[in-house]
Structure formats: structure tokens, C-alpha cells
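Shown next, in C-alpha cells, is the structure this report addresses.
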2 protein chains.
Amino acid sequence: MTSTEHTPSSPGPAADSPQRTVRPTRQRRAVAAALAGFDDFRSAQEIHDLIQKQGDSVGLATVYRTLAALADAGEVDMLRNEDGEAIWRSCSDTHHHHLVCRTCGATVEVEGPAVERWTNAIAQEHGYGDISHTLEIFGTCPACR
Amino acid sequence: MTSTEHTPSSPGPAADSPQRTVRPTRQRRAVAAALAGFDDFRSAQEIHDLIQKQGDSVGLATVYRTLAALADAGEVDMLRNEDGEAIWRSCSDTHHHHLVCRTCGATVEVEGPAVERWTNAIAQEHGYGDISHTLEIFGTCPACR
DNA sequence: CTCAGTGCAAAGGTTTTGCATGGCT
DNA sequence: AGCCATGCAAAACCTTTGCACTGAG
């Protein structure tokens, strides 16, 4: 459901780990292709529409399920726009953050060694280990101002 | 959880500006009191529930309308949690982020002037304006290591 | 008296889920 | 054959809105 593994609930004593259960189906490929066609964050509806325009037919529910699976597998980033809609984008390999226009969705990838260092320092200062973090920046891009 | 500093919305920079039309009613005071009772972001439902538990009775729609008005007036910050729910916090509180233990959920509030400055700098560097950001740090707390 | 504010319920939109079917392995 | 993935539709949710009414100025 999310791009990172936030799930404070479900302490999961059930010993399951089915992670690699991702089967390469036509629908999955269609979603992946649609994602590849964008270079910024898009909503599920937009992705669904693009797939249909490309001739393929994939149910909206399947789009959601596929996107959730991809996000879970770390192949796409999911976040929410200011309207609360979930938006997705295929993510590159390197760790980076996003500067997203809340009007048109234009995205800039930014790296922040300073932030990386700061988060690690803060965490260790409080005795926390095994650190990860998420950081998103929203704003209005030059074209939309 | 996430953090922000600006509440955007209000698409029309246009003609009308009825801002100072906020009448101090019982309901408005109830919402304000509920907000004052929290020191972090809460959903409309949680705020509504707290008001009812305190004996007052305010319609959920009114809670939403009041929160929207307060956000519009700049008296509260609104943002979205990972589930896409709108969450509010009285903005007199200092802006901070959260360091969360992914095992037990223990949370530490941290401030990061450096991060605030960095995000603003990055955004302006790319010509983006009206900046807000979200930052969450996950780790394993001392007790869970 | 007038009009912003309120309550209720219905509408609107997004995301999830139940269940039967279809396609890989 | 066994199972996971899919589709469709209904459900679940959060949030907004229409309309008649109440209360503050």
C-alpha cells in the first residue's frame, strides 16, 4: 500500500514471507509500460486511462493491486498529492528525493547528502539503528506560478 | 506521520477575499479546544470524537468546514497522512519531524532547521515556490535492538 | 431582520474487497 | 490439477455539498 514499509500494526507472528510471488502477466507489463511512459507521478486513474488508450484493457482494481505490489517490491514509489490521491512513479535505483509540483505534477529528483547525514546523526543520537527515511518536497513549479 | 509548514489550497488569487468572516461560535470554540488538546496531527474523525467525548455536540460536516476555515485563515496546518486522510494541527506548535521505531512504534519528535533550510534552498534553486515538505525517519529503537 | 453558521443526509470520489473465472506453472 | 491473478461490482471510506433551520450581530 505504501512505497516504504510502514506498518506499525500487525505484529505478524504468522511466519510468512511470500515476497517473490510476482508473476509477469500481460496486465503487469501493461502497468509497467504505462509507468515507463511517464516521467513524473501519476494517479491510478491516469495510469488506467493510458493503458486503455494504448489498446490494452486492464481492470482498475488490477491496476491498484499491481501498483501496490510494485510499490511493495520497491519497483515504484508511491506518495500522496495534496488532494490525498495516491500517485505513483517508477523509481530509479539510487536513493533520492522528489520535488513535486502540486499543480502539474512535474517532478525533479534531488539528492541530499546533508539530509542523509542529518537523519543518521539524529537517529544515532537517540540510540536508533537500522535507519531509513522518506522525504518529499511539494511546491509550485515555475510554469504554474 | 509527516510534517509541513505551509497550507496551500485557495486556487483563486482573484477578486474576492472574504477572510475575516469568522464568527466565534460554540462549535468553532469546541474545535479549537479539541485542537489545543492535541500536540500532533489528528484526523477530522479523531477531532470529532474528542469533541463528543467532552460533552459537546458538533456535526462532522461542521468540523470539516471549521477546520477548512481555520486552515484557510492560517491558524492550523493541514496535510495528508500515508492513508490519504487529512490531518490537522494547530500551527502554533513548532514544526518538527518524527523518528519512529518500526518495531514498537516509539516516537521521538525532532527538529531540523538544517532540513528546513535545505528543502527551501533546493526548491528555490529549481524555481519552485510555496514550499512544503514531509520527512519521516524510521529505525529500531534502543529497546528493540 | 439578515446572513453566516450548522446539522443532516445524500452525493462524489478514491481505494479496497468478495467471489467466480481464467491463465500460468 | 492447483493457484495466483483478474474482472466486475459492491462495499467501505473520507470529504464535500444541498437545503432548511438556527442563532449571532
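Note: hydrogens, waters and symmetry copies are ignored here, and every other heavy atom, side chains too, is used. Naming convention: chains lettered A, B, ... in sequence-line order (proteins, then strands); numbering from 1 in each chain.
Position along DNA chain C of the nearest nucleotide to Ser57(B) versus Arg65(A) favours Ser57(B) as the more 5'-ward residue.
When the P atom of dA10(D) is taken as reference, atom OH of Tyr64(A) falls 18 Å away, rounded to whole Å. Atom NE2 of His48(B) and atom C1' of dC14(D) are 14 Å apart (whole Å). Atom-to-atom, CG of Leu67(A) to P of dT6(D) comes out at 11 Å; the value is rounded to the nearest Å. Here the C1' atom of nucleotide dT15(C) and the CZ atom of Arg80(B) are 14 Å apart, to the nearest Å. We find that CD of Glu82(A) is positioned 17 Å from P of dT14(C), with the value rounded to whole Å. Atom pair Glu85(A):CD and dC14(D):P shows a separation of 17 Å (rounding to whole Å applied). In this structure, the CZ atom of Arg28(B) is 13 Å from the P atom of dA24(D), given to the nearest Å. At whole-Å resolution of the value, CD in Gln52(B) and P in dC8(C) are 10 Å apart.
Taking a cutoff of 4.0 Å between a charged side-chain nitrogen and a carboxylate oxygen, Glu109(A) and Arg89(A) qualify as a salt bridge.
Looking at every heavy atom in both residues, Tyr128(B) comes nearest to Thr107(A) through OH-N, 4.3 Å.
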Dump the intermediate steps for side chain to side chain donor-acceptor pair (under 3.5 Å) on Arg102(A) and Ser132(B), then the final yes or no.
-> CA-CA 10 Å; Arg102(A) 65 167 68 85; Ser132(B) 67; 3.1 Å; yes
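Taking every side-chain heavy atom of Ala61(A) into account, dA9(D) is the closest of dG7(C), dT14(C), dA9(D).
Residues Asp56(B) and Arg26(B) form a side-chain contact, since some pair of their non-hydrogen atoms from C-beta on lies under 4.5 Å apart.
The side chain of Thr62(B) contributes an N or O atom lying less than 4.0 Å from OP1 or OP2 of dG7(C). Neither OP1 nor OP2 of dA5(D) sits under 4.0 Å from any side-chain N or O of Thr25(A). Within the structure, every side-chain polar atom (N or O) of Ser43(A) is placed at least 4.0 Å from both OP1 and OP2 of dT14(C). Proximity of Gln45(B) to the phosphate of dC13(D): no side-chain N or O atom is located under 4.0 Å from OP1 or OP2. Put simply, Gln27(B) has no side-chain N or O that comes within less than 4.0 Å of OP1 or OP2 on dG23(D).
For His133(A) and His98(B), the ring centers sit 6.0 Å or farther from each other.
Using a 4.0 Å heavy-atom cutoff across all strands shown, Ala86(A) reaches sugar-phosphate atoms only and no base atom. Counting non-hydrogen atoms under 4.0 angstrom, Arg26(A) reaches the backbone sugars and phosphates but no base.
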